[in-house]
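Notes for the one structure printed next.
Residue numbers start from 1 in every chain, and the chains themselves are labelled A, B, ... in the order their sequence lines are given, proteins ahead of strands. All values derive from a computational prediction rather than experimental measurement.
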2 protein chains.
Amino acid sequence: MNQEQGKNPHVSHRASMNEVAERAGVSHQTVSRVINHSPNVSQATRERVEEVIRDLNYRPSNSARALVTRHTKTIGFIAGGVNYYGPISTMGAIESVARDHGFYLSVAILDEREYTRESFEEVADSFLDQGVEAFIFLAPTLPMVEAAVSANISQPRVVLTSTQLEGSAASHPGIKLIGIDQVTAARSVIDHLANLGHRRCVFFSGPQEWGDAAMRLRAWRRFSAEKRWDAQTVCMKSWDASESYEKARELFAGIPRDQLPTAIVTSNDLQAFGVCKALDELGIKVPEDISVVGFDDMPGSDYYTPALTTVRPDFDELGRTAMQELLGYMGGSEYSEYSKEQDKPPFTSHLIVRESSARPRAI
Amino acid sequence: MNQEQGKNPHVSHRASMNEVAERAGVSHQTVSRVINHSPNVSQATRERVEEVIRDLNYRPSNSARALVTRHTKTIGFIAGGVNYYGPISTMGAIESVARDHGFYLSVAILDEREYTRESFEEVADSFLDQGVEAFIFLAPTLPMVEAAVSANISQPRVVLTSTQLEGSAASHPGIKLIGIDQVTAARSVIDHLANLGHRRCVFFSGPQEWGDAAMRLRAWRRFSAEKRWDAQTVCMKSWDASESYEKARELFAGIPRDQLPTAIVTSNDLQAFGVCKALDELGIKVPEDISVVGFDDMPGSDYYTPALTTVRPDFDELGRTAMQELLGYMGGSEYSEYSKEQDKPPFTSHLIVRESSARPRAI
DNA sequence: AGCAACGTTGTGAACGTGAACGTAGCATGC
DNA sequence: GCATGCTACGTTCACGTTCACAACGTTGCT
């Protein structure tokens with residue numbers, strides 16, 4: 001890329017296959033064969049052609065190639081909720097795998113005002129215009145998941161979500177739903193707290209239109225009931241710290257110590273931050289008086305004061321698998337076995353125990 | 001997108017312009033005119049053609065169009081450092097503006113192992129194969145900036161960085177460097193602390209191969225000297241909290257109160273977290289004993305304990321401007337004035353004063 | 001010698017679109 | 001009456017590649 005031998009002192013003219021052919025004294029088809037590594041080219045001509053290619057700084061036209069092969073080597077990625085921490089890692093992994101397999105990733109990032117079915121379909125439509133060969137939808141909210149699944153698209157697609165729509169997805173062949181296993185994640189939190197001796201716990205749910213939040217709440221209800229806990233649920237409309245902060249202040253102000261819950265579980269780390277701050281201001285110590293556990297292990301959670309016990313999903317692995325599934329649908333052969341092999345992929349999150357959770361005072 | 005009138009019960013055959021033309025009883029050129037909103041089409045034929053287009057679910061082939069117009073409507077975006085908070089917002093803004101102008105964004109995200117010149121050029125090369133019309137480089141580290149600037153590319157490009165390479169960039173026409181104004185940001189931090197009465201301060205620098213870190217350090221040195229502060233600088237190799245935590249413990253353990261600095265400035269919020277945690281464990285109170293100020297206002301900084309005083313750069317505005325600059329280079333007319341108008345764009349960051357900074361004890 | 005098989009190369013036609021150009025029809029002007 | 005201009009189309013070509021097939025020379029076999 002650094003040496004542009006100034007054979008072309010004029011404007012930046014992009015050489016074509018024919019020019020290469022002429023200059024190398026062969027037909028354009030032979031040049032094509034060299035480019036595509038066809039075995040039926042003699043070593044001599046191959047080298048000659050390759051030299052001309054270097055000289056002219058020739059590169060094949062992707063458009064012309066796509067026109068005849070009908071392969072654009074482009075995958076459309078539509079993401080919502082990327083300002084929250086998790087999805088970003090996933091996206092990085094997706095891109096990395098795509099690039100490793102020679103695919104380009106065309107990206108659309110929806111902001112919160114665009115978390116609608118309309119925006120979703122509009123973007124998908126524009127990607128179809130562009131000619132993407134497949135889709136990856138990062139659909140954190142329910143309306144998006146439905147839009148992603150129901151969109152009338154013939155291209156294969158993977159939908160990343162935590163919601164349970166397996167039934168309806170099964171009816172669409174070529175659609176694969178993949179998501180973090182929130183149930184197991186929630187279970188590990190609850191087991192952890194149970195082992196410490198907690199019985200009276202409060203759960204701060206996330207906004208319920210988000211699949212993650214809904215699944216975590218569901219799992220919470222199920223497991224806390226199983227354990228016959230004295231469990232309470234507080235519904236948040238937001239993922240941010242401010243709402244949980246306000247709510248925690250309101251809930252726990254002036255409550256006698258022995259009537260406080262011994263543990264609080266929030267639906268993400270930001271909410272946990274809000275809760276911790278409220279407790280701090282109320283003179284309630286974490287974890288001595290109340291344990292706090294979050295979700296996601298966002299950057300900074302490890303050096304929060306107190307360091308936050310939380311659950312870290314493997315966002316990277318999620319992204320990688322999603323992309324590999326998709327490539328499997330597209331390529332056909334090599335990945336399909338892989339795909340069948342693990343029907344429920346092991347996206348188990350890891351509980352990270354830090355300072356914010358401990359045995360309750362009176363055990 | 002939802003109604004696929006089943007006129008084509010067979011495989012998903014993509015209709016061509018000629019089929020539309022035939023069915024509508026016109027020539028393909030007329031169809032082309034309808035698609036491209038040429039004025040020279042009668043209302044009647046236009047409607048007839050549009051109906052056939054809907055019926056056949058026809059969409060123009062981007063490849064064929066790109067082949068003849070030589071416009072792929074695609075912009076390549078190469079980003080490093082996206083796992084850190086700031087760049088993500090920037091990327092979202094970039095994508096949004098691109099989409100608004102009908103451009104697709106092809107994205108490559110480099111992970112830390114790929115922060116090299118080689119990876120950078122390799123990806124740029126693959127984007128050239130794809131046929132992108134322009135580049136946006138998000139180049140947080142010095143080697144990347146150099147790679148981005150020196151790469152032999154005829155397409156226009158914008159490089160997002162905080163380093164000062166204006167001189168060498170000016171020599172390349174068609175390259176525009178844009179970055180957050182770290183100098184002003186640092187100045188606002190120092191003015192804030194000075195106004196509170198601080199004189200003895202410690203600065204935790206970031207990894208110096210990062211432009212942001214280098215600029216912040218430079219500005220720190222300059223302004224703290226101007227104010228004749230008792231200033232000390234500690235060099236960090238990482239942006240993460242762990243290193244600053246260790247260093248702060250080491251630095252401030254067993255120091256008599258009256259010999260401690262009255263304020264600590266870190267190069268980002270994560271480092272500030274680490275410092276605060278160390279101070280907390282050493283029994284040093286923030287802000288009563290020491291004030292702490294960070295950079296970036298990452299999510300959670302507002303509900304840290306104590307809430308962090310920090311500087312919030314306008315990442316969104318940065319991304320928007322970057323994209324508009326680029327479109328200006330490409331489009332030519334409408335944006336060029338805009339580009340000249342503000343040679344140094346006002347990417348002033350905003351100081352957010354929270355709990356972690358206050359007047360020093362003995363003033 | 002004749003002929004098949006093979007490896008290497010060339011030829012022509014597609015792919016779907018936009019640009020340049022041509023042309024018919026009709027209204028306007030003198 | 002005819003030149004002129006405008007509108008609404010059609011025709012032809014070019015974009016740069018791949019694909020199907022043909023053609024060529026060499027080798028090996030009968």
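Ion pairing of A/E121 with A/R117 is present here, as a side-chain N (NZ or NE/NH1/NH2) and a carboxylate O approach within less than 4.0 Å. Salt bridge A/R23/A/D55: absent, no basic N to carboxylate O contact under 4.0 Å.
For A/R320, the salt bridge (Lys or Arg N to Asp or Glu O under 4.0 Å) criterion is met by A/D316, A/E317, not counting sequence neighbours. Considering only residues two or more places apart in sequence or on other chains, B/D100 meets the salt bridge (Lys or Arg N to Asp or Glu O under 4.0 Å) condition with none of them. Not counting sequence neighbours, the partners of A/Q43 by the side chain to side chain donor-acceptor pair (under 3.5 Å) test are A/E47. Every residue two or more places apart in sequence or in another chain that forms a salt bridge (Lys or Arg N to Asp or Glu O under 4.0 Å) with B/R99 is listed here: A/E114, B/E95. Under the side chain to side chain donor-acceptor pair (under 3.5 Å) criterion, A/S126 pairs with no residue, sequence neighbours left out. For B/E22, there are no salt bridge (Lys or Arg N to Asp or Glu O under 4.0 Å) partners at least two apart in sequence or on another chain. By the side chain to side chain donor-acceptor pair (under 3.5 Å) test, B/Q155 is found to be paired with no residue, residues two or more places apart in sequence or in another chain being considered.
Counting all heavy atoms, side chain and backbone alike, A/V123 lies closest to A/A108 at CG1-CB, 3.4 Å.
Between the side chains of B/Q130 and B/S106, a donor-acceptor pair is found at a separation under 3.5 Å. Between the side chains of A/H28 and A/E19, no donor-acceptor pair is found at a separation under 3.5 Å.
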Considering only nitrogen or oxygen atoms on both sides, find all protein atoms under 3.5 Å from nucleotides 14-16 of chain C and state each distance.
residue: C/dG16; atom: OP1; partner: A/R70; partner atom: NH2; Å: 2.7

Mind listing the N/O atom pairs, protein and nucleotides 25-27 of chain D, below 3.5 Å?
none

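In this model, the phosphate group of C/dT9 is approached by a side-chain N or O of A/S42 to a distance below 4.0 Å at OP1 or OP2. Neither OP1 nor OP2 of D/dA8 sits under 4.0 Å from any side-chain N or O of B/T45.
We find that CD of B/Q43 is positioned 14 Å from C1' of D/dT7, with the value rounded to whole Å.
Under the ring pair (Phe, Tyr, Trp, His ring centres under 6.0 Å) criterion, no residue pair touches residues 31-80 of chain B, with sequence neighbours excluded.
In this structure, the helix from C/dA1-D/dT30 to C/dC30-D/dG1 shows an angle of 50° between the axis at its start and the axis at its end, each fitted on 5 base pairs and rounded to 10°.
Within residues 27-40 of chain A, the residues approaching DNA chain D are A/H28, A/Q29, A/S32, A/N36, by heavy-atom distance under 4.0 Å.
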